[in-house]
Structures are given as structure tokens and as C-alpha cells.
Amino acid sequence: MIQADKILKSLRLTEKSNLQSSEDGQYTFEVFRDANKFAIKAAVEKVFDVNVTRVNVINQKGKPTRNRKTGTANYKSDYKKAIVTLKQ
């Protein structure tokens, strides 16, 4: 059995993802790094009881940041993002 909590981390809510969900029926999730397209599709279908037509996966690099006090450079953590297209 597929455990959705081992695949899906959270739903990503940004201006772009809100526009995609309202116009195209695409939803953006942050997923664990070892998840593949087939596992993501099965987890979304199981949790939300919908039909998924397509899954696009993106490995996102962490953005550079700076510490305000010391000025040292750091990076935010890398993550994997999945854009899921639902059937109309």
C-alpha cells in the first residue's frame, strides 16, 4: 500500500500556483526527494479522490541567503516539487 504521508509533504501556495489551479487545474505539491511520478500520482489520487492526468517533477535548488547580523552566506535547503494536472 502507498502511504501518502511518506510521499507528499505539503501543498505549495504561491501566486503562480493559485493562478494555475484556477485556470488549468494544476496543483503544486512539495514532495519527498525519493518520490517518483508514479508514486506521486497514486498518492494524490488516494488522498484527494481525483483523477490525475499528468505529473511534472522539478528538483528545486535552495536559494542563497545572508545572515543579517554577521553577513555570512547560507543556502536554503533543496526540495522536490511536483505539478499535478487533474482531469476536467
Side-chain angles (χ1 to χ4, degrees):
M1 290 305 273
I2 292 176
Q3 296 178 349
D5 60 337
K6 302 291 185 203
I7 296 169
L8 302 175
K9 281 186 180 179
S10 64
L11 181 67
R12 306 251 330 154
L13 296 175
T14 61
E15 289 182 26
K16 182 177 179 179
S17 67
N18 289 337
L19 185 67
Q20 284 179 329
S21 66
S22 65
E23 291 181 355
D24 302 329
Q26 294 180 336
Y27 294 89
T28 306
F29 294 93
E30 187 173 339
V31 295
F32 285 97
R33 286 214 178 147
D34 56 347
N36 59 16
K37 289 184 179 188
F38 304 111
I40 294 167
K41 179 180 178 179
V44 170
E45 286 179 344
K46 181 180 176 185
V47 171
F48 297 105
D49 195 29
V50 294
N51 292 327
V52 175
T53 58
R54 185 173 64 186
V55 177
N56 296 339
V57 178
I58 303 159
N59 287 314
Q60 195 75 36
K61 294 284 280 181
K63 294 184 177 181
T65 60
R66 275 204 181 272
N67 189 325
R68 294 175 85 180
K69 288 185 178 181
T70 61
T72 57
N74 293 322
Y75 284 92
K76 291 186 177 181
S77 59
D78 300 341
Y79 61 94
K80 190 178 223 181
K81 184 167 67 170
I83 300 173
V84 177
T85 305
L86 303 181
K87 187 174 182 180
Q88 292 294 336

K.L.:
Spell out, yes or no, whether V47 and F38 are grouped together once hydrophobic residues are joined by side-chain heavy atoms under 4.5 Å, including indirect joins.
P.N.:
no
K.L.:
Once you round to the nearest 0.5 Å, how far does OG1 of T14 lie from CG of L19?
P.N.:
9.5 Å
K.L.:
Rounded to the nearest 0.5 Å, what's the gap from CG on D78 to CD on Q60? Could you check?
P.N.:
9.0 Å
K.L.:
Mark yes or no for whether S17, through its side chain, and R12, through its backbone, hold a donor-acceptor pair below 3.5 Å.
P.N.:
yes
K.L.:
NZ of K87 to CD of E45: how many Å apart, nearest 0.5 Å?
P.N.:
10.5 Å
K.L.:
Side chain of S10, backbone of E30: donor and acceptor closer than 3.5 Å?
P.N.:
no
K.L.:
Applying a strict under-4.5 Å side-chain criterion to I, L, V, M, F, W and Y, I'd like to know whether L11 and V55 cluster together.
P.N.:
yes
K.L.:
For residues V52 and L86, report the shortest heavy-atom separation together with the two atoms involved.
P.N.:
CG2-CD2, 4.0 Å
K.L.:
For K46 and A4, indicate whether the former's side chain and the latter's backbone hold a donor-acceptor pair under 3.5 Å.
P.N.:
no
K.L.:
Specify the closest pair of heavy atoms between K69 and N67, including all atoms of both residues, with the distance to one decimal.
P.N.:
N-OD1, 3.0 Å
K.L.:
When rounded to the nearest 0.5 angstrom, what distance separates CD in Q26 from CG in N56?
P.N.:
7.0 Å
K.L.:
Using 0.5 Å steps for rounding, measure from the OG1 atom of T85 to the CG atom of D24.
P.N.:
8.0 Å
K.L.:
Flag yes if I83 and F48 sit in one hydrophobic cluster, no otherwise; membership is Ile, Leu, Val, Met, Phe, Trp, Tyr, and two members link when side-chain heavy atoms are under 4.5 Å apart.
P.N.:
no
K.L.:
How far apart are the closest heavy atoms of K80 and R33, and which atoms are they?
P.N.:
NZ-O, 3.1 Å
K.L.:
Counting neighbours of CG on D49 that are heavy atoms of other residues, nucleotides or ligands and sit closer than 6.0 Å, is the number greater than 12?
P.N.:
no
K.L.:
Looking only at heavy atoms, what is the nearest atom pair of G62 and Y75, with distance?
P.N.:
O-CD2, 3.7 Å
K.L.:
Which pair of non-hydrogen atoms, one from F32 and one from L8, has the smallest distance, and what is that distance?
P.N.:
CE1-O, 4.2 Å
K.L.:
Can you tell if the side chain of I7 reaches within under 4.5 Å of the side chain of I40, non-hydrogen atoms only?
P.N.:
yes
K.L.:
Do the side chains of F29 and K9 get nearer than 4.5 Å, heavy atoms only?
P.N.:
no
K.L.:
Might you point out which heavy atoms bring K37 and V57 nearest each other, and give the distance in Å?
P.N.:
CG-CG2, 3.6 Å
